[in-house]
Visitor: 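Here it is, the structure in full.
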Amino acid sequence: MNREPYHPQAIEEKWRDFWRERGFFKAKIHDARRKFYYLNMFPYPSGKLHAGHGRNYILGDAIVRFLLMRGWNVLNPMGWDAFGLPAENAALEQGIHPRDWTWTNIREFKRQFRAWGVEYDWDREIATCEPDYYKWTQWIFLKLYEKGLAYRAKGKVNWCPHCEVVLANEQVIGGRCWRCHSPVEKRELEQWYFRITAYAERLLRDLEKLDWPEHVKKMQENWIGRSEGAEIVFPTEKGPEIRVFTTRPDTLWGATFLVLAPEHPLVPELTAPEQRAAVEAYRAATDRLTEMERTAAEKEKTGVFLGTYALHPATGERIPIWIADYVLMGYGTGAIMGVPAHDERDFQFALRFGLPVIPVIDRPDGLAKSVVRPGAVRPGFLEALRAEGIEARPGPVDGEGQGLYVTLRGDAQIDRYLELAREYLQPGHWCEVVGRRWAFLFEDALLFLDSPASDRRILARCQKLKPTLGEKRTVMEMLYAQEFYRDVLFHAAYGTMIHSGPLSGTPGEEAFRRVTAWLEERGLGKFAVTYKLRDWLISRQRYWGAPIPMIHCPRCGIVPVPEKDLPVLLPAVDRIGKLGLADIPEFIPTVCPRCAGPARRDTDTMDTFVDSSWYFLRFLSPKDDARPFDPELVNRWLPVDLYVGGVEHAILHLLYARFITKFLHDLGLLAFDEPFKRLFTQGMVTYPAYWCPTHHWIPPKEVQAGNRCPKCGAELVVSVVAMSKSKKNVVSPDELIAQYGADTERLYTLFMGPPEKEIEWSEEGVRGAWRFLNRFWNLALLILERTREAREEVDPAAFGPREQAVWAKLHATIKKVTEEFEGRLALNTAVAAIMEFTHALSEYAEDPQADPRLLRRALRDLLLILSPFTPFICEELWHRLGEGRAILETPWPAYDPQALEEAEVEIPVQINGKVRARLRLPRAQAADPKALEALALAAPEVQSRLQGLRVEKVIAVPEKLVSIVAR
RNA sequence: GCGAAGGUGGCGGAAUCCGGCAGACGCGCUGGCCUUAGGAGCCAGUGCCGAUGAGGCGUGCGGGUUCGAAUCCCGCCCUUCGCACCA
């Protein structure tokens, strides 16, 4: 028989308009019963969509179709994050206005969404570049300004030399621009900031209540970077006080120097005249470094002594003040106390510059070491040590002859060792113990390395006894030369305080608290919390963004644009320049709203992340020209129930949106203070990208055999990376749809792997989906032919075993698919289950005796549960089935737990852990452990296996298995 | 270095939450059918070793708990991602 072949092009087009015209995707906004706000991150309209983008939108569309069939009142809007640099670059290169370029792309995106069958409530479409939207972005700016949360400040800012624009900290990834990956430079500029740091604590704390992927929450937590410590005040001989932040106040007595960030404002005042030139040179050199160079992990420590001293607040000791670029102005107070014994960086710095290292925290592991120099002790010492069970190994020392390498474990051994050493020590020598103890045993004295003064004393004595130590500047430098000591010279663990005056002996777990209290009692410092998070720099020196609604008046200073004058419109110009609004002379002059005198407009535009930090509120009332959003609707519909987008926004957009939401909540405009209740991050789609050294990126289709460049024949470098236009490794949905239809692309996209994981696109995989849909189509047509007459409902009571099995599998499949949509969204496994059932149904349908009512019912339910994945083919077959309503008007099928129970079950029988037999049993028997055990033991395969063995134990798990232990 | 996730066939991945037949589903591969032809379609097979047998071995490695471990516990190794001189 000749059946109609599956021809998607012939059926898909009509359903696109059908869904749209029937308004299935329009939210019933004023009916908030069973409301569900589903949101995909809105895109930046840059060119065309590729198959990688599809992952996000197709997943969303499937979820929304499911929710609609489950009876949810779904709000599923779409809009455009339409301001941004690429539009401006295109404008500069092609002479098109950014707005025209943007809208051309938007039209293209919408066409592609429609082709995919991805539908939205288009009545709510918004674009951030339109005045009716950015008016309210400006309004939010004014509100922040009113509350002191938007401010202008001069400072070192991140500058991308390629994009010629400043960047927020979040937009610098590993020292490079988030957009173009150029190394970021520092520039001193006056810019606008949002005081997001005022919300640091709440942004951190409220992560707890979010149903977000753990790793995303962790990334935000790390970004906010809360640390508890103390702020300690160090007086200086020159006068000004230096405030330092430390997370280890318990190491205070080990502070042997201070380091300020080179940019620290006190530096000029604290610099001694003779050091001025060196200090200035160092500050200038630091200035020139890019962020990347400055923070390169392996870089050797550099720094300059200011020539002046601070006074240690606890000991009164004079300690030198340095500047070094490893101290950052933007964190803490921009100044640290150098505790080289217990901070890795300070340790390196002290070794490099010969600053004393004074241990003040005991080693918790009790480990100590001692090197006995040749001739330092009388013969018999080694034997004496061994008699005490002390580990000592003879070996050459400093190329001067045989000595001893001693390892001591615990205080008892150390004490005993010191006693023995005193007994055996030769005149004119010394012996030291380092690690757990810091003792220097001389003929006439036992000295401890417990202060900078002791450091000088000990070193002087050692140099006297051993003149070759002459060039060493500190005891630590001397010890560090001894390879054997390396692992005990430094540690950063908590432990009992030593060498710490009145607080010596404080145990590690109390040390932080005790020292902080001690400082507070004396007014020397206080408990403090610091965050890594910095304020959000939002000024951009570009044209294509929302103008900052501020006016600079020579008399009144900075004056906000009155609300009634919003929006501050982007000037309509045919040509834009590189400087942005500053290039457009007619934009700048205005009138001061306060004094009516001549004034200048602010020429910066806002970071596009400001536009996207509140768009989810605008969808509720996209055309409201009286206010940014309708509080009543917003409070009824938000927070967003499910937000889906890429992980690349884990910090940037998601942190900013949380901040703005909390701010609007504090203004009393929002009842909620977190915008996105549940977040799902889908993985990127990768594809091979080919690089030719001369012709750069080559589209995969043009690559010649043997990975050769089509232009020059050079061998290409292949890398599998996220699809992107710039790397030319995109797969076009337009071509896929022309060849296979939208359903095939949708099905493959949802089937290729767990949606949260990154995955490589596979042409063969697409064909697999295509084959499945062909088989499915043929099966459906077969069932349609066979069941033309069958209109009555199924009668499970009349089922034979085969019918019963099909029926049970159908219900198991409905259950599986339903649970995936409602739970973890591993839709790849839902598709697999549907395929599995389709095979089973196919097999059953081949039997001419098959029950037509069951075939029809199975097909009907199958169409419904497959429809979120492949809506076109399902809608088509659904209507051929003679159903009057559309699929989206039909309830999602329910599964019957009773039906899941098959009449017969297979029970594996294990003997000593290996499956040796399988029994097919009626459920009633399998449910009874006694009967199960008896049946299992009676089975012939089991009997023969048990020959000569004694059954020791039988475990019968009802309806699961039988396990026999036999010896 | 810190933090997180993860190691299962030739490949993508199921089963992991809650221990109970490992390898669902798809790709690829092998054989067959159909076709003038196939990079189309259909059917069958496909973890590894073994001979198509009996059998044995198998979820990164080593140990443990258990009648039974991919799954739970302890110790390693490796990979990926994020952060990284943050005091």
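Throughout, protein chains are lettered first and strands after them, A, B, ... in sequence-line order, and every chain is numbered starting at 1. Source: prediction; values computed, not measured.
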Visitor: Between B/C83 and B/U16, how far apart are the C1' atoms? Round to whole Å, please.
Guide: 29 Å

Visitor: Answer yes if the side chains of A/Thr302 and A/Tyr326 hold a donor-acceptor pair under 3.5 Å, and no otherwise.
Guide: no

Visitor: Checking all strands, does A/Thr530 fall into the base, sugar-phosphate, or nothing category for heavy-atom contacts under 4.0 angstrom?
Guide: nothing

Visitor: Could you give the CH2-to-C1' distance, from A/Trp761 to B/C11, as a whole number of Å?
Guide: 17 Å

Visitor: Paired with B/A70 by Watson-Crick or G-U wobble geometry, both distances under 3.5 Å: which nucleotide is it?
Guide: none

Visitor: Which nucleotide in the list B/A15, B/A4, B/A87 gets nearest to the side chain of A/His215?
Guide: B/A4

Visitor: If you look at every strand shown and take non-hydrogen atoms under 4.0 Å, does A/Thr246 touch a base, only sugar-phosphate, or nothing?
Guide: sugar-phosphate

Visitor: Using a heavy-atom cut-off of 4.0 Å across all strands, would you classify A/Glu764 as base, sugar-phosphate, or nothing?
Guide: sugar-phosphate

Visitor: So what does A/Lys218 hit on the nucleic acid, given a heavy-atom distance under 4.0 Å: a base, only sugar-phosphate, or nothing?
Guide: sugar-phosphate

Visitor: Distance check, P atoms only: B/A44 and B/A24, in whole angstrom units.
Guide: 15 Å

Visitor: If the P atom of B/G12 is compared with that of B/C33, how far apart are they to the nearest Å?
Guide: 33 Å

Visitor: Is there a Watson-Crick or G-U wobble partner for B/G1 with both distances under 3.5 Å, and if so, which one is it?
Guide: B/C83

Visitor: Determine the interatomic distance between P on B/A69 and the same-named atom on B/C73; round to the nearest Å.
Guide: 16 Å

Visitor: Classify the angle between the aromatic ring planes of A/Phe245 and A/Tyr331 as parallel (below 30°), tilted (30 to 60°) or perpendicular (above 60°).
Guide: perpendicular

Visitor: Give me the ring orientation class for A/His491 and A/His342: parallel if the planes are under 30° apart, tilted from 30 to 60°, perpendicular past 60°.
Guide: perpendicular

Visitor: If each of A/Asp343 and A/Ser963 is mapped to the nucleotide of RNA chain B with the nearest heavy atom, which maps nearer the 5' terminus, i.e. the 5' end?
Guide: A/Ser963

Visitor: Classify A/Gly768 by what it touches in the nucleic acid, base, sugar-phosphate, or nothing, heavy-atom distance under 4.0 Å.
Guide: sugar-phosphate

Visitor: With rounding to the closest Å, how many angstrom separate the P atoms on B/C48 and B/G10?
Guide: 7 Å

Visitor: Toward the 5' end of RNA chain B, which comes first, A/His839 or A/Ala335, by nearest nucleotide?
Guide: A/His839

Visitor: Which part of the nucleic acid, if any, lies within reach of A/Asn828 when heavy atoms closer than 4.0 Å are counted: base, sugar-phosphate only, or nothing?
Guide: sugar-phosphate

Visitor: Take the angle between the ring planes of A/Trp253 and A/His312 and call it parallel below 30°, perpendicular above 60°, tilted in between.
Guide: tilted

Visitor: For B/C61, which nucleotide is its Watson-Crick or G-U wobble mate, given both distances must be under 3.5 Å?
Guide: B/G75

Visitor: Which label fits A/His649 and A/His653: parallel for a plane angle under 30°, tilted from 30 to 60°, or perpendicular past 60°?
Guide: perpendicular

Visitor: Strictly by Watson-Crick or wobble contacts shorter than 3.5 Å, is anything paired with B/C17, and which nucleotide is it?
Guide: none

Visitor: Check every strand shown and say whether A/Leu961 touches a base, only sugar-phosphate, or nothing at a heavy-atom separation below 4.0 Å.
Guide: base

Visitor: Strictly by Watson-Crick or wobble contacts shorter than 3.5 Å, is anything paired with B/G41, and which nucleotide is it?
Guide: B/C33

Visitor: Report the distance from atom CE of A/Met835 to atom C1' of B/G12, rounded to the nearest whole Å.
Guide: 13 Å

Visitor: With heavy atoms under 4.0 Å as the rule, sort A/Val327 into base, sugar-phosphate or nothing.
Guide: base

Visitor: If we take the C1' atom in both B/G47 and B/A15, what is their distance in whole Å?
Guide: 15 Å

Visitor: Could you tell me if A/Tyr494 and A/Thr251 have a donor-acceptor pair between their side chains, going purely by distance under 3.5 Å?
Guide: no

Visitor: Only pairs with both distances under 3.5 Å count, Watson-Crick or wobble alike; so what is the partner of B/G28 in this structure?
Guide: B/U46

Visitor: Report which part of the nucleic acid A/Arg824 touches: base, sugar-phosphate, or nothing (heavy-atom distance under 4.0 Å, all strands).
Guide: sugar-phosphate

Visitor: What is the base-pairing partner of B/A22, counting Watson-Crick and G-U wobble geometry with both distances under 3.5 Å?
Guide: none

